[in-house]
Every structure is written in structure tokens, then in C-alpha cells.
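These notes are about the structure you will find just below.
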Amino acid sequence: VHNHADEIAQMGKNALIVTGRNSSKKNGSLDDVINALKSKNIKYTVYDGVEENPSVETVMEAREIGVKAGCDFIIGIGGGSPMDAAKAIGVMIYYKNENKDFLYKSVSNSQSLPVIEVPTTCGTGSEVTTVAVLTVHNEKTKKSMSHRIFPRMALVDEKYIKNAPLKVICDTAIDALAHIVESCINNNATEYSKMFAKEGLEAWSKFKDVLLGNREATDEDFHNMMYASTLAGMCIAHAGTSLPHGLSYPITYELGIPHGKAVGYFLPGYINEATDEDKEFVLKAAGFETVEEFSKFYKKACGYEKFPQELLDKTGELILSNQRKLANCPYKVDAEVIKNIISF
């Protein structure tokens, strides 16, 4: 952040800083951003009301604050929640006369205020994707906004995760793994996305024993965590996510399960249904011999719990009507396949 203060200053004259309530204050990222802005005499307003799994209502609240303050660019600081919210807020300030329904309106060539992202977790990859996933309370789920907005800058620094609890690192690192896996086992996969995927999986494999608590993380581990996460974001920017992400959203909404843990629950089954070629690609690069070995790893790293069967059945029914997620999956999906993924 400090090294790129000049580039930050080129984005505008008045920043809206979008972050959560605590972590950016504790890890120093918020102070770094404020000091960079002050060094270039850039005005700023801090909105620190972003909750985990941010809602449409939060986006609209921040929009009003940003419009009132005259903000002309956005800086998102945090994990996926603040960074996703920052992109949505950038859209809604640009279209300041639109109501919340505009977030899910199809618009050709959507516009936004310039957005800068500063990730402080190692999972979301939101700093290099167009996606903003928001909680829609009246539908009791999470949905990506219709507008596709790439951040203008991604300022990735591993120092911000060095004091994060291991549980947070585990949950977010599993999310990064899911991004890579789902982008590989995907109809939209290309040679380019698989190039990012292979590099990301190999970086991820180097710190997986840290996630199990087998050793303390080193500086190189923290670097690889952020590197793998950003590469994983690049993967899904090319290919998108698939069934595990779609299956996870009702679980997160209904049970408050962290996103990475919820996605990881469905990952072994999703891999198991894939072709032998795809299975071998993702498992070998990530450092696993079999799907069963990966499943045991997930359960130990994230703390396995069996989700209520009624909710799992409902989730399975919902994903069968999600045409976008189904379209991304490269193998035929029916009720039996979904049951196999859920029960693996």
C-alpha cells in the first residue's frame, strides 16, 4: 500500500474506505491505507459496517454515505465480504439514483467508480475477480450481483494475515482451493485458467500441513497463502465456480457456517464425480493421492460436522434449478449425482 500511494492517488480525490468492524484495525491495513491517502492529501470517509456475508441493505447504507460525502473512488479492505461489498457499492454510487433492485438488473457495459482492493485473508480472490456475492434476505440465500466489475488495483501483502487465527486461515485457504478445483472441473476451463490453477495448487500444497496445525507458518508460507489465493481468483475470473459454491450458499445462510468450510464440505464429492484426468490433475498438484485423503484432510483442518439432512436435501433441490452453476459443471448432473456429492 505504501509503495503504491502515487497510483492510489490517481484514482480520485475522495475515497470511501469499505471495511469490516475489527480486523483491518488490528492487522494494520486500515492505518496503512489512511496513511497513504494522507500522504497524497486525498480526502477519505471510512465505512466499517460490513458484516460477514454482506447484505444488499449494507451496500445501500454505504452507498448513501459515499454519495453524501462526495466520494469518487472506493477502497475495499478485508476478506471477501468487504471486497465484494466495495465492488457493489462502487456500482451503486455510480448509479446513485437507482434502487437496490438494480444490483440484480442486467445492464450491458456496467459502470462503477474505480475500486481498489486490499485483501487481508487468503481465500476469496475477490481482488482479481468481477464477482460480488451478497446476502439477499428475502430469498434466504446469497447471490452474485449482475454487474461484473474488475478492481483497478489489487494490493496484495502477506503481512496482513500473519496474526490471523488458524481457523480463519483454514476456512479461507479451503475457499481458495475450491476456487481452483471448481475452475478446473469446469466447462469454461482453458489452457490459461489451468496454467494459473497448476501454479496455485502447487503453492497451496506447500502450506497444507500448516492448516492441520502440524507446524508454525513461516514467511514463505504466508506468501504462498496469498499467492495461491490471488491465483485462485484469476482462475475463477476465467472459468467461474460450479456446484460446491452453489450448494454452500444456503448452508452459510441458514447455519452461519463460514463460507470456506461450507464450500469445502461439497468439494470431495464434486472431485469424485469428475473424470479420472481432472481428478488426477487437481489432486496431484495439491499434494493428495486420493479423494479420500483430501476428504480426511478437510475434516481435520476445518472441523467436520454433519449438516442437517433436511437442509442438505433442500440445497440439492435448489442447485438443480441453478442453470448457471449446472452449465459450468462438465459432467451430467441429476438428482443422483447431487446426492452422491452431498453424501460423499
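- A salt bridge between K105 and D101 is absent, with no side-chain N of the basic residue lying under 4.0 Å from a carboxylate O of the acidic one.
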Is there a side chain to side chain donor-acceptor pair (under 3.5 Å) between D48 and T19? Walk through the geometry before answering. CA-CA 5 Å; D48 61 0; T19 190; over 6 Å; no
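- For the pair S229 (side chain) and G123 (backbone), a donor-acceptor distance under 3.5 Å is present.
- The pair E202-K206 fails the salt-bridge criterion, with no side-chain N (NZ, NE, NH1 or NH2) lying under 4.0 Å from an Asp/Glu carboxylate O.
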Given E51 and S81, is the side chain to side chain donor-acceptor pair (under 3.5 Å) satisfied, shown in steps? CA-CA 7 Å; E51 74 275 37; S81 294; over 6 Å; no
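- Between the side chain of T135 and the backbone N or O of H137, no donor-acceptor pair lies under 3.5 Å.
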With ring-ring contact (aromatic ring centres under 6.0 Å, His included) as the test, would you mind laying out the steps for W204 and F297 before giving the verdict? CA-CA 13 Å; W204 193 94; F297 172 90; 5.7 Å; yes
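- Side-chain atoms of H238 and S193 include no donor-acceptor pair closer than 3.5 Å.
- Remark: N187 pairs with P330 by the side-chain contact (heavy atoms from CB on, under 4.5 Å) rule, at least two apart or across chains.
- For K68, the NZ atom is loosely surrounded, since the number of other residues' heavy atoms within 6.0 Å does not exceed 12.
- For the pair D72 and K13, the salt-bridge criterion is not met [side-chain N within less than 4.0 Å of a carboxylate O].
- What you find for G269 and I341 is that their closest heavy atoms are O-CG1, 3.7 Å.
- Of the charged side-chain nitrogens involved, at least one lies within less than 4.0 Å of a carboxylate oxygen, so that K162 and D219 count as a salt-bridged pair.
- A donor-acceptor contact under 3.5 angstrom links the side chains of Q309 and D313, judged on distance only.
- Checked against the 6.0 Å centroid criterion, the rings of F73 and Y44 do not qualify as a close aromatic pair.
- The 12-atom threshold is exceeded at CG of D334, counting heavy atoms of other residues, nucleotides or ligands nearer than 6.0 Å.
- Within a 6.0 Å sphere centred on CD of E280, heavy atoms belonging to other residues, nucleotides or ligands number 12 at most.
- Side-chain polar atoms of N53 and K142 form a donor-acceptor pair below 3.5 angstrom.
- Applying the 6.0 Å contact sphere to NZ of K100 captures no more than 12 heavy atoms from other residues, nucleotides or ligands.
- The backbone N or O of K339 sits less than 3.5 Å from a side-chain atom of S343, completing a donor-acceptor pair.
- A donor-acceptor pair is defined here as one N or O able to donate and one able to accept, closer than 3.5 Å; such a pair exists between the side chain of N14 and the backbone of A69.
- The two residues I180 and A228 make their nearest non-hydrogen contact at CD1-O, 4.3 Å.
- S248 and Y265 share no side-chain donor-acceptor pair at under 3.5 Å.
- Between Y227 and E199, the side chains place a donor N or O and an acceptor N or O closer than 3.5 Å (distance only, hydrogens not considered).
- T230 places a side-chain N or O within donor-acceptor distance of the main-chain N or O of M226, the cut-off being under 3.5 Å.
- Surrounding NZ of K208 are more than 12 heavy atoms belonging to other residues, nucleotides or ligands, all under 6.0 Å away.
- Using a 4.5 Å heavy-atom threshold, the side chains of S24 and T120 count as separate.
- A salt bridge is absent between K314 and E310; no separation between the charged side-chain nitrogens and carboxylate oxygens falls under 4.0 Å.
- H259 and Y249 form no side-chain donor-acceptor contact under 3.5 Å, judged by distance and modelled atom types alone.
- The aromatic ring centres of H245 and F266 sit 6.0 Å or more apart.
- At distances below 3.5 Å, at least one donor-acceptor pair connects side-chain atoms of T252 with backbone N or O atoms of I257.
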Start with the C-alpha distance between E220 and H223, add both sets of side-chain angles, then the distance that settles side chain to side chain donor-acceptor pair (under 3.5 Å), and finish with yes or no. CA-CA 5 Å; E220 182 181 3; H223 169 79; over 6 Å; no
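- The existence of a salt bridge linking K159 and D32 is confirmed by a sub-4.0 Å separation between a basic side-chain nitrogen and an acidic carboxylate oxygen.
- Using a 4.0 Å cut-off between a side-chain N of Lys or Arg and a carboxylate O of Asp or Glu, D221 and R215 qualify as a salt bridge.
- K261 has a carboxylate O that lies under 4.0 Å from a charged side-chain N of E305, or vice versa, which qualifies the two as a salt bridge.
- Residues I75 and I8 form a side-chain contact, since some pair of their non-hydrogen atoms from C-beta on lies under 4.5 Å apart.
- The two residues M83 and G76 make their nearest non-hydrogen contact at CG-O, 4.3 Å.
- Inter-residue side-chain proximity for Y160 and D157 is flagged as met; some heavy-atom pair is nearer than 4.5 Å.
- Within a 6.0 Å sphere centred on OH of Y192, other residues, nucleotides and ligands contribute 12 heavy atoms or fewer.
- Taking each heavy atom of S144 and R324 in turn, the nearest pair found is OG-NH2, 4.1 Å.
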If you apply the rule side-chain contact (heavy atoms from CB on, under 4.5 Å), what do you find for T129 with K87, and how did you get there? CA-CA 10 Å; T129 75; K87 284 181 269 189; 3.2 Å; yes
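- Residue L320 comes nearest to L326 through the heavy atom pair O-CD1, 3.2 Å, listed as atom of the first residue, atom of the second, then distance.
- At distances below 3.5 Å, not a single donor-acceptor pair connects side-chain atoms of S295 with backbone N or O atoms of V291.
- Of the charged side-chain nitrogens involved, none lies within less than 4.0 Å of a carboxylate oxygen, so that R152 and E117 do not count as a salt-bridged pair.
- Of the possible donor and acceptor atoms, one in the side chain of N328 sits under 3.5 Å from a partner among the backbone N and O of T241.
- With hydrogens and angles ignored, the 3.5 Å screen pairs a side-chain donor or acceptor of N188 with a backbone N or O of A239.
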Go through it in stages, so that I can follow the logic: the residues are Q111 and Y95, the test is side chain to side chain donor-acceptor pair (under 3.5 Å), and I'd like the CA-CA distance, side-chain angles, deciding distance and then a yes or no. CA-CA 8 Å; Q111 301 295 310; Y95 297 99; 5.5 Å; no
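- By the 6.0 Å contact criterion, NZ on K43 is open, its count of non-hydrogen atoms from other residues, nucleotides or ligands being 12 or less.
- When every heavy atom of S110 is checked against every heavy atom of I149, the shortest pair comes out as O-CD1, 4.0 Å.
- Y104 places a side-chain N or O within 3.5 Å of a backbone atom of K143 that can act as its donor or acceptor partner.
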